Number of protein chains: 2
Amino acid sequence: MNKSQKHVRDAGGASKFLYDYPRPALTVDCVVFGLDEGALKVLLVRRESEPFAGRWAIPGGFVNMDETVERAALRELAEETSLENVFLEQLYTFSRVDRDPRERVVSVAHYALVRLSDHRVKAATDAREASWFLADEVRGLAFDHDEILRVALERLRSKLTYKPIGFELLPSKFTLSDLQQLYETVLGKPLDKRNFRRKLLETNVLIALDERELGVAHRAAQLYRFDKRRYRELEREGRSLELP
Amino acid sequence: MNKSQKHVRDAGGASKFLYDYPRPALTVDCVVFGLDEGALKVLLVRRESEPFAGRWAIPGGFVNMDETVERAALRELAEETSLENVFLEQLYTFSRVDRDPRERVVSVAHYALVRLSDHRVKAATDAREASWFLADEVRGLAFDHDEILRVALERLRSKLTYKPIGFELLPSKFTLSDLQQLYETVLGKPLDKRNFRRKLLETNVLIALDERELGVAHRAAQLYRFDKRRYRELEREGRSLELP
DNA sequence: ACAAAAGTGTTGGCCCTACACCCATGA
DNA sequence: TCATGGGTGTAGGGCCAACACTTTTGT
């Protein structure tokens with residue numbers, strides 16, 4: 001398509017294109033978080049070609065003409081890591097002039113949260129090598145991906161304290177201890193068990209199921225699921241589920 | 001430049017370009033807020049050409065190859081409205097496929113806060129017609145600018161409650177009543193005078209000047225300025241200036 | 001003297017924090 | 001029976017919200 005472009009800058013009506021200046025390329029990146037045995041992990045793919053061949057990178061790719069950036073991020077994620085149906089939000093747009101050594105590339109970064117329990121196997125099935133790493137030990141990624149990861153972690157931590165996004169990392173049935181451990185892992189600090197439980201239960205956003213944990217060598221814990229409907233009510237009332 | 005583009009998709013080294021698919025165009029937009037007689041206003045420019053000729057729009061334009069999106073937003077702002085040295089942050093990237101009827105355009109929106117007292121005259125001096133409007137009465141803007149404005153307002157309101165960005169809207173010397181009125185205007189609700197003053201003063205982020213208000217028909221109020229250094233200390237200590 | 005806004009303290013209630021023991025279960 | 005985590009209540013302190021009058025100044 002570019003081959004035959006002939007545009008007039010700021011032309012009135014005839015031209016199909018807006019200007020004939022160089023355009024930065026536009027990509028999306030997607031920082032995928034998952035919880036593995038209580039540890040916060042991030043999904044990376046290994047680069048096959050230059051620049052940064054062999055280095056680990058955040059999955060991503062170019063934006064097509066017929067999709068939003070969020071769609072593009074979901075598509076790339078599916079293509080590169082086989083992940084689908086994940087929670088995804090836009091994070092920030094990174095535009096340092098030299099962030100890609102080949103040419104000018106602006107990237108709209110996103111972050112996604114996945115239930116590793118549902119997706120454990122699939123992640124590495126694609127042609128590209130993909131693997132999970134401890135989120136706060138990762139360093140030396142390609143491009144400016146260290147920075148993107150840092151911003152994503154910050155966002156995850158702060159958003160977790162005022163929005164119920166943590167449930168996106170857990171299986172749909174979970175115990176209160178699972179949930180507390182998730183908060184402790186991500187926020188990096190211990191929480192008081194009784195206060196944590198009271199706070200969550202009194203908002204009624206958790207529904208106690210008729211089931212208990214299985215296969216544990218001690219008293220089996222109550223299972224809950226998150227009540228999205230109830231949460232939206234709370235939100236409308238202005239009450240907002242804040243954790244320390 | 002586009003004229004002579006010949007690229008190979010994902011080529012190893014020789015090609016200067018990454019791929020030969022159509023690229024979305026990339027623009028920036030900048031929602032400029034100012035405080036005028038206690039009212040929150042937004043700066044708009046009138047479009048001269050199609051589409052949406054004659055309609056009001058948020059200032060913005062294309063991103064050059066040698067500037068970040070933030071730089072581009074500052075540059076466009078200076079070019080279209082003569083505003084310089086303003087506080088500016090990235091807001092969100094808008095990418096609906098049909099947001100521009102001519103061709104695919106993705107826009108990285110920003111918001112800026114200006115001290116209208118310093119900039120009152122300049123805004124309309126440029127070739128393009130520019131004018132200030134009441135921020136929450138604006139409707140019928142070009143493109144998806146109604147939505148961009150809405151998101152900017154949301155962000156301003158929420159950020160105001162936990163970051164000291166309000167000072168960017170006031171002259172460098174201000175009274176506590178000025179500051180309170182700003183918060184009341186932007187948040188859209190009345191605040192208690194004594195609680196407001198106590199809260200702010202006990203953090204020590206305000207420095208009382210050796211001056212008082214001038215030319216008022218009643219007791220002249222103490223003037224203050226914001227102590228950025230002191231605020232950063234607070235931030236490092238984790239204390240975070242939250243207002244209701 | 002009057003109008004207009006500046007400036008100033010106290011109290012009650014709520015929420016958050018800190019804290020320790022018994023219970024149920026499987027091995 | 002023991003080891004392991006599940007589950008539970010209370011008291012004290014800090015913080016926030018509500019509230020009204022006196023002071024200063026210009027007209």
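Since the structure is predicted, the reported quantities are computational estimates derived from the model, not experimental observations. Reminder, nothing fancy here: chain letters follow the sequence lines and each chain counts from 1.
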Mind running a 4.0 Å heavy-atom check of residues 207-222 of chain A against DNA chain C and sending the residues that fall below it, in number order? A:Val216, A:Ala217, A:His218, A:Arg219
Does anything in residues 169-191 of chain B come within less than 4.0 Å of DNA chain C? Heavy atoms only, and list the residues if so. B:Ser177
Between [N] atom [atom2] and [X] atom [atom1], what is the distance in whole Å?
{"X": "B:Lys193", "N": "C:dA4", "atom1": "NZ", "atom2": "P", "result": "15 Å"}
{"X": "B:Leu201", "N": "C:dT8", "atom1": "CG", "atom2": "P", "result": "8 Å"}
{"X": "B:Phe196", "N": "C:dG9", "atom1": "CZ", "atom2": "C1'", "result": "19 Å"}
{"X": "B:Asp192", "N": "C:dG7", "atom1": "CG", "atom2": "C1'", "result": "13 Å"}
{"X": "A:Arg197", "N": "C:dC16", "atom1": "CZ", "atom2": "P", "result": "18 Å"}

side-chain hydrogen bond (donor to acceptor under 3.5 Å, both in side chains): which pairs involve [range], sequence neighbours left out?
{"range": "residues 186-195 of chain A", "value": "A:Asp192-A:Asn195, A:Asn195-A:Arg198"}
{"range": "residues 208-229 of chain B", "value": "B:Lys173-B:Glu211"}
{"range": "residues 157-167 of chain B", "value": "B:Glu89-B:Lys159, B:Asp136-B:Arg157, B:Lys163-B:Glu235"}

When B:Leu77, B:Asp118, B:Val32 are each screened for side chain to side chain contact (heavy atoms under 4.5 Å, CB included) with B:Val86, the one that passes is B:Leu77
Test item: B:Tyr92 and B:Val108 side chains (from C-beta on) under 4.5 Å apart, heavy atoms: no
With sequence neighbours left out, write down each residue that passes side chain to side chain contact (heavy atoms under 4.5 Å, CB included) with B:Ser95, or none if nothing qualifies.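 By the side chain to side chain contact (heavy atoms under 4.5 Å, CB included) rule, B:Ser95 matches A:Thr68, A:Val69, A:Glu70, B:Arg104, B:Val106.
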Of all residues at least two apart in sequence or in a different chain, which pass the side chain to side chain contact (heavy atoms under 4.5 Å, CB included) check with B:Ala109? B:Leu91, B:Phe94, B:Ile148
For B:Phe196 and B:Leu176, work out which heavy atoms get closest and say how close. CE2-O, 3.9 Å
For B:Arg46, side-chain hydrogen bond (donor to acceptor under 3.5 Å, both in side chains) partners two or more places apart: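 For B:Arg46, the residues satisfying side-chain hydrogen bond (donor to acceptor under 3.5 Å, both in side chains) (neighbours in sequence not counted) are B:Glu129.
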Under the side-chain hydrogen bond (donor to acceptor under 3.5 Å, both in side chains) test, residues paired with B:Arg99 that sit two or more places apart: B:Asp144
Take A:Phe174 and A:Phe167 through the test ring pair (Phe, Tyr, Trp, His ring centres under 6.0 Å) and record every step on the way to the result. CA-CA 9 Å; A:Phe174 52 85; A:Phe167 303 105; 5.5 Å; yes
Is there a donor-acceptor contact under 3.5 Å from the side chain of B:Arg47 to the main chain of B:Val45? no
Report each atom pair, protein N/O against N/O of nucleotides 10-15 of chain C, whose distance is under 3.5 angstrom.
unit_1: C:dT10; atom_1: O4; unit_2: B:Arg198; atom_2: NH2; d: 3.2

Under 4.0 Å from a heavy atom of chain A: give me the 5'-most and 3'-most nucleotides of DNA chain D that qualify. D:dT4 to D:dT10
List in chain and number order the residues that pass salt bridge (Lys or Arg N to Asp or Glu O under 4.0 Å) with B:Glu147, two or more places apart in sequence or in another chain; answer none if no residue qualifies.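 B:Glu147 satisfies salt bridge (Lys or Arg N to Asp or Glu O under 4.0 Å) with no other residue.
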